[in-house]
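The structure appears below as structure tokens.
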Protein chains: 2
Amino acid sequence: MIDLSQTASCSTKDLRAVRDALEVLNGKWKLQILIAILSGTKRFKEIAREIEGISDRMLSKELKELETHHLVVRKVYDSFPPVVEYSATAHTSSLDKVIYALKEWGYLHREKIIHASDV
Amino acid sequence: MIDLSQTASCSTKDLRAVRDALEVLNGKWKLQILIAILSGTKRFKEIAREIEGISDRMLSKELKELETHHLVVRKVYDSFPPVVEYSATAHTSSLDKVIYALKEWGYLHREKIIHASDV
DNA sequence: CCGTATCCTGCGAGATACTG
DNA sequence: CAGTATCTCGCAGGATACGG
């Protein structure tokens, strides 16, 4: 059974919550980075390779922002060559449902587009 | 019971789906507009009033984009003063889960921040 | 009421080159 | 490997004014 309380009906306060969420997850890359990290601790280059099109500069910048929001944990191993690992937090994990929903909707949307252009 | 298949684990194809979704919902206002409309058919000014800080220019622009993606339906009543109504589509409604998840996470995040600054 | 037309600004983001 | 440093540009998005 589906929990029918899962509606999008939003009070003003709810809207604020959504706004807050969007503010933290804004931009083209943040969610993609979080998805990569949620599947396990990863190194810088591993993340970069997983996300098509992202530049080192952007990845570095976004990771830093996410870190200040406590959405990723950065761990440096003092070795040569340098090793840095990024991992998720409990707080990140709670994004599961957002990502899942977004993924499902993405597929739906894709289908819709295909049908629409299916003249 | 919760469906445990709702994990964020994403294949490359899944990542594409998320990217597609983000592309359509990008920007500061789209989701907020959709939330407003999902709660019922609304007129231009009604939406504007509900979304704090949005300008007429932005609302107009975003609504147009959403319309081309078939996420809102625009209906014009030829009267004076003019009346224009915007409503959701079935496709928009399927965003329910995304919005709900985002809302829930927004609240969680807010709490987290409050605790963090609670020195 | 329901927008459009301009003008303007900052920042998101790519390209490239370089360091420890 | 894991980044930083510049430079550059487009465009998201704000302010203001006007039109049917």
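The chains referred to below are lettered A, B, ... by the order of the sequence lines, with proteins before strands, and numbering in each begins at 1.
At a threshold of 4.0 Å, the pair B:K45-B:D56 counts as salt-bridged, since one of the basic side-chain nitrogens sits closer than that to a carboxylate oxygen. Taking a cutoff of 4.0 Å between a charged side-chain nitrogen and a carboxylate oxygen, A:E104 and B:K97 do not qualify as a salt bridge. A salt bridge links B:E50 to B:K42: one of the charged nitrogens lies within less than 4.0 Å of a carboxylate oxygen.
For the atom pair B:I35 CD1 and B:I47 CD1, the distance stands at 12.5 Å (nearest 0.5 Å).
No side-chain donor from either of A:Y107 and B:D20 sits under 3.5 Å from a side-chain acceptor of the other.
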Side chains of residues 81-91 of chain B: which donor-acceptor pairs under 3.5 Å do they make with residues two or more places apart or in other chains?
from, atom 1, to, atom 2, distance (Å)
B:E85, OE1, B:Y77, OH, 3.1
B:Y86, OH, B:R74, NH1, 3.2
B:T89, OG1, B:H70, O, 3.2
B:T89, OG1, B:H91, N, 3.2
B:T89, OG1, B:T92, N, 3.1
B:T89, OG1, B:T92, OG1, 2.9
B:H91, NE2, A:H109, ND1, 3.4

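Nucleotide D:dA2 holds its C1' atom 7 Å from the OH atom of A:Y86, rounded to whole Å.
Considering only side-chain N and O atoms, A:S60 lies nowhere under 4.0 angstrom from the phosphate OP1 or OP2 of D:dG3. Between D:dT4 and A:K64, a contact under 4.0 Å exists linking OP1 or OP2 to a side-chain N or O. Side-chain nitrogen and oxygen atoms of A:R43 include none within less than 4.0 Å of the OP1 or OP2 phosphate oxygen of D:dC1.
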Base versus backbone protein contacts along nucleotides 13-20 of chain C [heavy-atom cut-off under 4.0 Å; B, S, -] = BBB----B
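A donor-acceptor distance shorter than 3.5 angstrom exists from the side chain of A:E46 to the backbone of A:R43, with no hydrogens or angles considered. Side-chain atoms of B:K30 come within 3.5 Å of backbone atoms of B:N26 as a donor-acceptor pair (strictly under, hydrogens ignored).
Only at 4.0 angstrom or more do the heavy atoms of residues 71-79 of chain B sit from any atom of DNA chain D, so none qualifies.
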